[in-house]
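Every value quoted in this text rests on a predicted model; they were computed, and no experiment measured them. Quick note: residue numbers are just sequence positions, from 1. Order of listing sets the numbers, starting from 1, for every ligand and every atom in it.
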Amino acid sequence: MKALTLTEYKHLEYGDAPDPPVAADEVLVRVRACGICGSDVHGMDGSTGRRRPPVIMGHEASGEIAVVGKQVVGWKAGDRVTFDSTISCGQCWYCQRGLVNLCDHRRVLGVSCEDYRQNGAFAEYVALPQRILYRLPETVSFEQAAMVEPVSVAVHAVDRTPVALGDTAVVMGTGMIGLLVVQALRVAGCGKIIAVDLEAEKLDLAQKLGADVGLKADACDVVEEVKRHTQGQGADVALEVIGLSPTIHTAALCLRKGGTLTLVGNFRPSVEIPLQAVVTRQLTLAGSCASNGEYPACLDLLGRRAITTDALISATPPLAEGAAWFNRLYDREPGLLKVILHC
Ligand SMILES: [Zn+2]
Ligand SMILES: [Zn+2]
């Protein structure tokens, strides 16, 4: 098959790769679309230790079933599918309780690290266990379906946050996930959504996608502005989608007493938190990791266009041109959001 392989750090090659073997409980998927994730772009230079060459990256994908393993039930060749970015083991304590995102033996597609190498979907074919497959509604295209993983990260983060009808929410960071969080908060019934970022264009986009207010963090006092928009009380919930001390600090101070701060971004392994504000204002901090069972709901939201990805997809070039697009993303070309490769 053809594949885009990270052959050495910062070097991707499009060429022939062996067809993946298909186990009895697996299907072989003919990949149609696979999105380039920020973690692939950051990882390709070796800085994260999770993309050790040689590896075929890619974990945000969709396609059609080509081959069905002997023990597979309920799926047939031609079925349009997407799949979890993570292969959960299906056996451990967490998997048995449905907490597949916390699986003790999770292997992320397209990741090679100290513990495992799991080739991903920047290829014509990928082999996957049937337990991580999801059927695509007719209303969802392969490109939309390749966005379901980032959509599910946003929806899971909102699921982890106690949002009541009419609540005010602050979203710190309006990159890809932040823009999806804004839309998910709208679906969840928030009254007022306040987006915070440093880039004016991203704030404009956030407002087009459902934020009521955009605050440019270097042009105003964010905490004061949030208070002004909430009769001096502070926001009910805040979602931090960056993962740095200053933004987590600001997010915590934006909250009313008893509010919840959901932590999604993890740019830094450790950060400082304003401990006394958290304790004396009785804030709840919630971590949110990947997603857990939200795919069907997300596919439905995409199919009904309650969450839209059109404004977030910058280009859909063929897999053969993938290396050049990786480089453009690595060089942080302004205005480039999601690039989805046709495989
Ligand atoms: Zn990703
Ligand atoms: Zn498990």
Exercise. I340 versus C34: any side-chain heavy-atom pair under 4.5 Å?
Worked result: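 A side-chain contact under 4.5 Å is absent here.
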Do NZ/NE/NH1/NH2 and the carboxylate oxygens of [X] and [Y] come within less than 4.0 Å?
| X | Y | value |
| --- | --- | --- |
| R30 | E64 | no |
| R328 | D331 | no |
| R80 | E138 | no |
| K208 | D204 | no |
| R51 | D45 | no |

Exercise. Looking at the Zn ion (ligand 2), is one of the N, O or S atoms of H105 less than 2.8 Å from it?
Worked result: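 It does not; every qualifying atom lies at 2.8 Å or beyond.
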Exercise. So what does the C103 SG - the Zn ion (ligand 2) - C95 SG angle come to, to 10°?
Worked result: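 Here the angle at the metal atom is close to 100°, to 10°.
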For this session: Check the Zn ion (ligand 1) and write out every protein N, O or S atom at under 2.8 Å, as residue and atom.
Result: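 Short answer, with waters excluded from the count: C37 SG, H59 NE2, E60 OE2.
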Exercise. Only one of D19, V67, V126, L128 clears side chain to side chain contact (heavy atoms under 4.5 Å, CB included) with L28; which?
Worked result: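 With L28 as partner, side chain to side chain contact (heavy atoms under 4.5 Å, CB included) holds for just one option, V67.
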